[in-house]
There are 2 protein chains.
Amino acid sequence: MASRRSRSVQTASVAVSTPSALDFAGLDQLLGYRLRRAQGAVHRDYLATLGALKLTQKQTAVMWLVQGNPGVAQGAVGNALGMDRATMMALVDRLEARGLLRRSHSRIDARRRELHATPAGMQLLQAVRDRIDRHESRIKREFNPAELRTLQRLLQRLQDLER
Amino acid sequence: MASRRSRSVQTASVAVSTPSALDFAGLDQLLGYRLRRAQGAVHRDYLATLGALKLTQKQTAVMWLVQGNPGVAQGAVGNALGMDRATMMALVDRLEARGLLRRSHSRIDARRRELHATPAGMQLLQAVRDRIDRHESRIKREFNPAELRTLQRLLQRLQDLER
DNA sequence: TATTGTTATACTCTATAACTATA
DNA sequence: TATAGTTATAGAGTATAACAATA
C-alpha cells in the first residue's frame, strides 16, 4: 500500500532536527498538485506586482475582454473564461460597484446585458497591463523561447480537457 | 500597444451573429492566464471525479502528507505546501471537525501541534487516492511520457519562483 | 422549452493583524 | 527576539438552486 516510508517518528531525534525533510510520498508526482503549486506561485507574484491596483487575475481577464469587445454580452465573457453565470454575476457586480464597467440593456436581445468599460476602467486596465508586462517578463524569463512555446501548448491541452 | 484588433463592433452584424468569436486581444498569450485556465479545467475534473467524497485538492494534499509523516508539525505541512499559517489553521480545523485527523501537543516543543490521521481519515484518503488515480490517468493521457516529464519540469520551475 | 440574467446561499481558499505561549 | 499556533475578520472565487423575463 504505502510504497515508501523513509523517516518516521521512530528516529525522533533525526525527524526533529530536520523538519524540512518531509516525505512527499508521491504527492509531487501528481500533475494536479504540480499545477496547483505553480499557479499559486505565479498568483502570488501577480498580486505582489499589482500591489495597490487591486485587480485580481479573473477581474483583469474580464476587463481585458470587455475593453477588447465593447458591448459584449455578460454571458459571452463568462463563457469565454470558463466561468459559471453566478460566478460571473458576483464578479461583474464588484467591477460595476467600483465604477470600472457598466451594464446596459441589449436592443437586439432584451435578455442580454452588454458590458462596457468606463473611462476609469480603461485607465486602471492600462496601469494593470503595465504591471502585468513586468510580471509576465519575470516568469517567462525562466524559459527559453522553445520551452515557453511548449509550456503554452501543453497547458492549452489541459484546458481543452473540458471541451 | 494593442498588436491586434481583428473584429470589432464596426462590423456589427458579424459580431452579433457570431458571439462566440471573441477577440482575446492577447489575453491568451499571458502565461498566468493559461496556467489559471489549465488549473481550472483540471480542478473541475478533479471535483467531478471525487464526487461525493468531498475532499478538496488542498485537503487531500494535507491528509496525504500527514499520513506519510505521522506526527508532523502543523506548520511544517503548511510550509511544505506553500500555505499561510492562518490558511492552514482553517483547513486543519475543517479536517479535524470531520474527524479525519487529530492534533496533539508535541512533547519536544510545546508550541507545536502534531498531526495524525485518524482511522476514518486513512480510510477516506485511500478512497480518494483511488479516484485520483483515475483522474490523473485521464489528464496524463493527453501527453506522451516525454511531454509529461517536460511539463512537470517546467511547472516545477514556476513553483520555484518563490524560492 | 431554452436561454440570460438574477438572487440567495454556502463553502473554501487566502491573507492581514493582533494575540498567547513557548523557545 | 523569534517561532508556532490561534482568533477575528475580510475579500474573492466557485457552485447549486430557484426564479423572472425573454427568445
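Hydrogens, waters and symmetry mates play no part in the numbers below; they use all other heavy atoms, side chains included.
Among the nucleotides C/dC13, C/dA15, C/dT6, the one closest to any side-chain atom of B/Lys58 is C/dC13. Of the candidates C/dT7, C/dA15, D/dG13, the closest approach to any side-chain atom of A/Thr87 belongs to D/dG13. Comparing D/dT14, D/dG13, C/dT16 against the side chain of A/Ala90 picks out D/dT14 as the nearest. Closest approach to the B/Arg44 side chain among D/dG13, D/dA4, D/dA15 is made by D/dA15 (side chain taken as heavy atoms from C-beta onward). Nearest to the side chain of B/Ala86, among D/dA15, C/dC13, D/dT7, sits D/dT7.
In summary, the side chains of A/Arg138 and A/Thr49 do present a donor paired with an acceptor at a separation below 3.5 Å, with no hydrogens or angles considered. Remark: the A/Arg36 side chain and the B/Gln39 side chain contain no N/O donor-acceptor pair separated by less than 3.5 Å. Residues B/Thr60 and B/Tyr46 have side chains that bring a donor and an acceptor to within less than 3.5 angstrom of each other. Under the 3.5 Å distance criterion, with hydrogens and angles disregarded, a donor-acceptor pair is assigned to the side chains of A/Arg34 and B/Gln152.
Rounded to whole Å, atom P of C/dT16 lies 14 Å from atom CE of B/Met83. For the pair B/Tyr46 OH and D/dT14 C1', the computed distance is 15 Å after rounding to whole Å. A straight line from CG of B/Leu47 to P of D/dG13 spans 17 Å, rounded to a whole angstrom. The CG atom of B/Leu95 sits 15 Å away from the P atom of C/dC11 (whole-angstrom rounding). Rounded to an integer number of Å, the gap from A/Leu50 CG to D/dA12 C1' is 14 Å. Distance CD (A/Gln74) to P (C/dG5): 5 Å, rounded to an integer number of Å. Summarising the geometry, the separation between CE on B/Met89 and C1' on C/dC13 is reported as 15 Å, rounded to the nearest angstrom. Following rounding to the nearest Å, A/His105 (NE2) and C/dG5 (P) show an atom-to-atom distance of 11 Å.
Taking 4.0 angstrom as the limit, B/Gln57 places none of its side-chain polar atoms (N or O) nearer than this to OP1 or OP2 of C/dT12. Close to C/dC11, at under 4.0 Å from its OP1 or OP2, lies no side-chain N or O of B/Thr56. In this structure, B/Arg94 reaches the C/dT12 phosphate: one of its side-chain N or O atoms is under 4.0 Å from OP1 or OP2.
Remark on DNA chain C: of its neighbouring residues B/Asp84 and A/Asp93, the 5'-side contact belongs to A/Asp93, judged by nearest-heavy-atom nucleotide. Each of A/His43 and A/Arg103 was matched to the nucleotide of DNA chain C holding its nearest heavy atom; the match closer to the 5' end belongs to A/Arg103.
Side-chain contact between A/Thr150 and A/Glu147 is absent, with no heavy-atom pair separated by less than 4.5 Å. Looking at B/Arg98 and B/Leu124, their side chains come closer than 4.5 Å, going by heavy atoms from C-beta outward. B/Leu22 is listed as a side-chain neighbour of A/Val72, based on a closest heavy-atom distance under 4.5 Å.
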Sugar-phosphate atoms are those with a prime plus P, OP1 and OP2; base atoms are the rest. Using that split, label each nucleotide of nucleotides 18-23 of chain C B, S or - for protein heavy atoms under 4.0 Å, 5' to 3'.
---BBS
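The neighbour count for B/Gln123 CD, taken as heavy atoms of other residues, nucleotides or ligands under 6.0 Å away, does not exceed 12.
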